[in-house]
Amino acid sequence: MALGLLGQLLFTGRMLVQWLHSERVGRSEVPPIFWWMSLGGAAMLLTYFLWRMDIVGVLGQSLGFVIYLRNIMLIRGTVDRERAGL
């Protein structure tokens, strides 16, 4: 249960991080930490739901996990291109 609660806390906390970041920069913007928190929270919740054999929870987290991972990959690709001067 602790894993599920920690995962939910991390997953929910990402919204607070995004809101505070957007307020700081003065526009709606999603910082990279949002995607890392999303991925971590989804991984914990997915593990929890698999352990509980909760198909609804597994299905609910599976697609999001892929999307969060892909966003991190896109961000890393952008950083690599910027470092290469492209």
Side-chain angles (χ1 to χ4, degrees):
M1 186 174 292
L3 180 66
L5 289 172
L6 184 58
Q8 188 60 49
L9 181 64
L10 187 61
F11 199 72
T12 301
R14 73 195 177 118
M15 298 308 295
L16 180 61
V17 167
Q18 190 276 329
W19 174 42
L20 294 173
H21 175 79
S22 292
E23 289 294 334
R24 187 174 55 81
V25 298
R27 66 182 178 278
S28 181
E29 186 175 286
V30 179
I33 189 68
F34 175 90
W35 299 112
W36 285 105
M37 290 176 76
S38 298
L39 185 65
M44 289 179 191
L45 288 170
L46 188 55
T47 301
Y48 174 76
F49 289 132
L50 284 167
W51 178 71
R52 300 275 304 188
M53 293 186 271
D54 181 339
I55 189 66
V56 174
V58 170
L59 292 174
Q61 291 301 317
S62 296
L63 180 59
F65 184 86
V66 172
I67 292 169
Y68 309 142
L69 185 59
R70 179 62 181 146
N71 274 285
I72 290 169
M73 292 168 62
L74 290 170
I75 290 167
R76 287 202 160 187
T78 300
V79 170
D80 290 344
R81 284 191 299 280
E82 288 174 357
R83 285 184 185 154
L86 301 175

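These numbers come from the heavy atoms of this one structure, side chains and all, not from hydrogens, waters or symmetry mates.
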Query raised in the report: What pairs meet the side-chain hydrogen bond (donor to acceptor under 3.5 Å, both in side chains) rule with one or both residues in residues 40-50, with sequence neighbours excluded?
Result: none
Query - Distance (rounded to the nearest 0.5 Å) between Ser38 OG and Ile67 CD1 - result: 10.5 Å
Requested in this report: For Met37, check side-chain contact (heavy atoms from CB on, under 4.5 Å) against everything at least two apart and list the hits.
Outcome: Leu10, Arg14, Val17, Ile33
Requested in this report: Could you tell me which non-hydrogen atom of Phe65 sits nearest to which non-hydrogen atom of Ala42, and how far apart they are?
Outcome: CD1-CB, 4.2 Å
**Report entry** Selection residues 49-72 - residue pairs positive for side-chain hydrogen bond (donor to acceptor under 3.5 Å, both in side chains), sequence neighbours left out
**Finding:** none
Query - Shared-cluster residues of Leu59, by chain and number - hydrophobic side chains joined below 4.5 Å - result: Ile55, Val56
Report summary line: By side-chain contact (heavy atoms from CB on, under 4.5 Å), Leu16 pairs with (sequence neighbours left out) Trp19, Leu20
**Report entry** Contacts of Ser22 that satisfy side-chain hydrogen bond (donor to acceptor under 3.5 Å, both in side chains) - sequence neighbours left out
**Finding:** Gln18
Query raised in the report: Taking only residues two or more places apart in sequence, or in another chain, which ones meet Arg27 in a side-chain contact (heavy atoms from CB on, under 4.5 Å)?
Result: Val25, Glu29
Query raised in the report: Using a side-chain heavy atom cutoff under 4.5 Å and only I, L, V, M, F, W and Y, what cluster partners does Leu5 have?
Result: Met1
Query raised in the report: Under the side-chain contact (heavy atoms from CB on, under 4.5 Å) test, which residues partner Leu9, sequence neighbours left out?
Result: none
Query raised in the report: Are Leu74 and Val66 connected, step by step, through hydrophobic side chains (Ile, Leu, Val, Met, Phe, Trp, Tyr) whose heavy atoms are closer than 4.5 Å?
Result: no
Query - Gap between atom CZ of Phe34 and atom CG of Leu39 - 0.5 Å precision - result: 12.0 Å
